[in-house]
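Following: one structure in structure tokens, then a few remarks.
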Amino acid sequence: MPSISSKKPDPSGHETIDVIGAREHNLKNISVAIPRNQFIVITGISGSGKSSLAFDTIYAEGQRRYMESFSAYARSFIGNLERPDVDKINGLSPVISIEQKTTSRNPRSTVGTVTEIYDFMRLLYARAGEAYSYLTGEKMVRQSEDQIVDSIISHFTGKKLTLLAPVVKGRKGHYRELFVQIRKQGYSKVRVDGAMQDIVAKMQADRFKIHDIEIVIDRIAPEAKDRHRITQSVNTALKEGKGIIMVLEESGKTHHFSKFLMNPKSGLSYDEPAPNNFSFNSPYGACPVCTGLGVTEEITEDSIMPNKNLSISRGGILPLGEYRDIWIFKKVEAILKRYQLTLSTPLKEIPKDVLQILMRGDDVPVAVPSVKYPGTEWNTRFEGILSFLQKMKDEGTDHMKKWVDDFTVTKVCPECHGARLKKESLHFKIDGKNIAQLAELNIDELKKWFTGLEGRLNEKQKVIAAEVLKEIRKRIGFLLDVGLNYLHLNRPLRTLSGGEAQRIRLATQIGTQLVGVLYILDEPSIGLHARDNIKLINALKDLRDIGNSVIVVEHDKEMMLACDYLIDVGPGAGRHGGHIVAEGAPGNFLNNKSTTAKYLNGEIGIQYLKERRKGKGENLILTGATGNNLKNVDLEIPLGTFTCISGVSGSGKSSLIHETLYPILNRHFFNSRTEPLPFKKIDGLKLIDKVIEVDQSPIGRTPRSNPATYTGVFTDIRDLFAQMPEAKIRGYKTGRFSFNVKGGRCETCEGAGLRLIEMEFLPDVYVPCETCKGKRYNRETLEVRFKGKSISDVLDMTVEEAVTFFENQPKILRKIETLHEVGLGYISLGQHATTLSGGEAQRVKLATELSKRDTGKTFYILDEPTTGLHFQDISHLLDVLQKLVDKGNTVLVIEHNMDVIKSADHIIDLGPEGGAQGGRIIAKGTPEEVSKNPAGYTGRFLKAELAL
């Protein structure tokens, strides 16, 4: 092992992190010395053991040692973490892991909240924001007691005035006790709804009307010499009016003054602003209609009755379905009969008032003939279909809520129009912009706005904002450093790719400026265009240069060549991997004979068809897409080709494909209710017969989901076990071999194989079940065997082993072989969904779709399918996709990987930049044609790639 000197002498005295005898998962008792305070890349083909070494060994041991530093009392709440299967690790620093799977699913978690930029902006607006009236748009003012007195004397000298203290504003009630209390305090007059009245015994107002009540404090004709008296009266009025005073002229005109923020004309006042007034996660700041989400979920008549040409009996009302002899249809029939209508009447011919009764119900009893007692009728009230669905949405079981979701439409909040905050908060401005408008700017535009802001602030604001602006600019700089200039602060975290979420966490970590830490990252380059890669590499080097060790699990060529030390794990996947096959500084590494080294030095490469397909000569044409940053885009996709959508991050690829094209196709083929972004028209839908989107969302959120259940192969495996002689003798049916229902499963863990341990201060952890030891089933079920293996043994098999094991079971083999074809030979059939990366989950979905019979007219949409793939795996994946196209299908791939882009038949490049500077198609054609186009960055990188 070559010795590598650190850039800075390490204060710990250790030059390396020594991992000795690592055997976690498929690691083969390996030992490796990883240089400290260096930028290290661990690579290797998918499933070779990279993550087992980086996360399950080094990170797990670092976390365990951190836990051990807690007191015994604290550990009693947390429990003990299991020691990874390793003999010894020396020279380990405190470890911070930045993984892909840590993205929050909470809609309240945004780019702004997680980077703390929004928190600092809230502080800025609370302390330096200027308030404006939402009624008149005029600037709000706050005045001290002396200023109010000065104002009264200067503006109303010699005029007869009445000083009023408002005590009730726009509220119902009789206020008998209030009048008694005012009288006891020595006041004799009040103004009720604009009329002066003497306070008399048993005085009260109309309790059902809305009232404004003010106490008459004093009557004055202001003169400078009366300042002392006016000051006392104003003081009393402010005290009784809780900081607000009204001045009434003889003509009846009123003027408002306040110690708080107030509009002198309308009398509108705001509470003193605090940071939580600008938080959409706080009841003090959130819009009351959407509770700070910016959208509302509604059950609408259109979502329940999408096709009004149908009758009720033909399924016109979706929640009811087609006619059945059940109670609800008898009720509906009875209501229609009342208006001389039938269940066969098309919905469009039913009068609106009758439809309203069906939707909302009414109080008129509905007479339904009794089946049990002929000649009698049941009189019941009909609550209405819409009302029933709303009740189920609010109070129903999880299953019912999921059913109601099918009829729910998400709309922009009508109150805040998506701004998330209440109207008072939206009328605090700095340099003419409110906080919600800033949250909608992308990071590039936000930087421009904050640049030179001091010159647009007054002296008081400058002093207040100085330190806050420093923090905001610093954090914006970190986001720009990791290539996230196209995001905006309001972007929900759950809509980000794994790579984007990781880079946000990386930017946050750079901001902490910690030293002496070991950072472990999992493929941070996912979703990043080749142009932005250099920014990410520089950010990682900055993290190293301040005195940290950085380990990155990565497949990216540029990242490997830019690191200080490269470790290749292999040579194969699963049981064929787990060895260190090559290591060293990149210059020395290229001389190795490992597969990775051969790809890096150009000895072998990913082959592509020199002859590009022309397709079927027919196109799918989307015209006038204008959603998000798209600039009236016309998209033309040649059918029967392998088409690639490319462009820098934020150029509009997802807006065009995921949020416009896919929802249009999904609505056409499957009646989806997801609204596409605005577009003019689409042509060519008749030329395809179904659409399949394969994205990176998890295949399940609990350990019960796994590749076998998701692909459907587990049903066939259970059927096979139920056919075994032992199963027939015992009377076991297919359900006996399910771990989701009672009977054959272990009841301690209810078939999960794991038990959830809820941690008090940390994320929940899963531990193997102590009864079944992770096998999921009870002893009797495990006694049924096929070729010597129990059903639990089958779930523990890798896909590669299962291909051989089930070679004589064609139905099972077909589904397992597709998993193997997409490069997932190393995962086990029963691997918990929670442990799969985004790329692995996507390939499980792809395999599921591939195992179905295709029609030759299928339209496939894939989002960065190369996520988590080594060069060799990309080659296998491209073979699978090319086979799909050869059968006549169309494959549309959103991709940054140059190996995929150069293999496409047709490229559509968006750009030229991200955000507002993007949203246009700047190049299209074959890879050769695009490489000659100087307009975009993709062409330049493609030119270099095709020259190799």
Side-chain angles (χ1 to χ4, degrees), residues 98 100 103 110-112 114-115 441-447 476-507 521 523-540 554-559 627-631 633 644-660 695-696 838-839 862-868 893-898 900-901 907-923 930 935-942:
I98 305 178
Q100 294 173 41
T103 311
T110 66
V111 171
V114 81
T115 56
L441 298 178
N442 65 41
I443 303 298
D444 265 339
E445 292 166 342
L446 199 63
K447 186 192 176 188
I476 288 173
F478 296 142
L479 285 177
L480 293 172
D481 288 345
V482 293
L484 293 174
N485 54 311
Y486 56 92
L487 294 181
H488 54 80
L489 298 185
N490 248 359
R491 175 89 176 259
L493 219 57
R494 63 181 180 175
T495 66
L496 301 180
S497 71
E500 285 171 333
Q502 227 186 336
R503 291 199 295 283
I504 280 180
R505 291 192 63 211
L506 174 61
L521 293 92
E523 291 193 73
S525 67
I526 293 168
L528 206 56
H529 191 271
R531 182 200 71 164
D532 299 316
N533 239 353
I534 192 71
K535 289 183 185 173
L536 176 63
I537 292 167
N538 288 337
L540 293 171
E554 188 55 272
H555 295 290
D556 182 72
K557 186 176 180 179
E558 282 75 27
M559 189 88 72
N628 294 339
N629 67 333
L630 297 175
K631 312 284 194 306
V633 169
C644 190
I645 305 287
S646 64
V648 298
S649 305
S651 56
K653 302 183 298 298
S654 294
S655 297
L656 183 59
I657 306 303
H658 289 307
E659 297 177 55
T660 308
D695 61 14
Q696 290 186 25
L862 287 89
D863 184 10
E864 293 192 62
T866 59
T867 299
V893 177
I894 298 174
E895 191 54 87
H896 292 294
N897 187 296
M898 285 297 153
V900 175
I901 295 172
I907 297 172
I908 297 166
D909 190 31
L910 274 78
E913 298 289 340
Q917 278 75 50
R920 287 190 291 271
I921 293 177
I922 52 172
V930 171
Y937 294 97
T938 306
R940 295 174 213 170
F941 287 100
L942 195 55

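Computed from a predicted structure; not experimentally measured. Numbering of residues begins at 1 and proceeds along the displayed sequence.
The side-chain heavy atoms of L540 and L521, taken from C-beta on, include a pair separated by under 4.5 Å. Between V111 and N490, the closest side-chain pair of non-hydrogen atoms is not below 4.5 Å. The shortest distance between side-chain heavy atoms of I476 and F478 does not fall below 4.5 Å. Residues I443 and L489 have side chains in contact (heavy-atom distance under 4.5 Å, counting atoms from C-beta outward). Looking only at side-chain heavy atoms (C-beta outward), N442 and N485 stay at 4.5 Å or farther from each other. With contacts defined as side-chain heavy-atom distances shorter than 4.5 Å, the pair P524/I98 does not qualify.
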For this session: Carefully, step by step, assess M559 and L536 under the rule side-chain contact (heavy atoms from CB on, under 4.5 Å).
Result: CA-CA 9 Å; M559 189 88 72; L536 176 63; 3.7 Å; yes

Exercise. Step by step, would you call E864 with K653 a salt bridge (charged side-chain N to carboxylate O under 4.0 Å, His left out)?
Worked result: CA-CA 11 Å; E864 293 192 62; K653 302 183 298 298; over 6 Å; no

For this session: Evaluate side-chain contact (heavy atoms from CB on, under 4.5 Å) for I645 paired with V893, printing each intermediate quantity in order.
Result: CA-CA 6 Å; I645 305 287; V893 177; over 6 Å; no

Problem set entry | Trace of the side chain to side chain donor-acceptor pair (under 3.5 Å) decision for T867 with E523 | CA-CA 8 Å; T867 299; E523 291 193 73; over 6 Å; no

Exercise. Yes or no on side chain to side chain donor-acceptor pair (under 3.5 Å) for H896 and T866, after CA distance, side-chain angles and deciding distance?
Worked result: CA-CA 9 Å; H896 292 294; T866 59; over 6 Å; no

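For G914 against V648, the heavy-atom pair with the smallest separation is N-CG2, 3.7 Å. Of all non-hydrogen atoms in G627 and S655, the two that sit nearest each other are O-CB, 4.4 Å. Of all heavy-atom pairs between G936 and D909, the closest is CA-OD2, 4.1 Å. For the residue pair V633 and G919, the shortest heavy atom distance occurs at CG2-O, 3.1 Å. Across every non-hydrogen atom of I922 and P912, the tightest pair is CD1-CA, 3.8 Å. Summarising the geometry of N629 relative to G650, their closest heavy-atom pair is ND2-O, 3.2 Å, with the distance given to 0.1 Å.
Of the possible polar contacts, none joining the H529 side chain to the S649 backbone as a donor-acceptor pair under 3.5 Å is found. The closest donor-acceptor contact from the side chain of K631 to the backbone of A916 lies under 3.5 Å. In this structure, the side chain of S651 does not engage the main chain of G918 through any donor-acceptor pair within 3.5 Å.
Separating the CG atom in D444 from the CG atom in L487 is a distance of 10.5 Å, to the nearest 0.5 Å. Here CG of N628 is found 7.5 Å from OG1 of T660. Values are rounded to the nearest 0.5 Å. Between C644 atom SG and I901 atom CD1 the span is 4.5 Å, to the nearest 0.5 Å. Atom CZ of residue R503 and atom CG of residue D481 lie 12.5 Å apart, to the nearest 0.5 angstrom. Considering CG of L479 and CG of L506, their distance stands at 10.0 Å, rounded to 0.5 Å. The line from CG of D863 to NE2 of H658 is 3.5 Å long, rounded to the nearest 0.5 Å.
Under the side chain to side chain donor-acceptor pair (under 3.5 Å) criterion, N533 pairs with D556, not counting sequence neighbours.
Remark: K447 NZ is loosely packed, at most 12 non-hydrogen atoms of other residues, nucleotides or ligands lying under 6.0 Å away.
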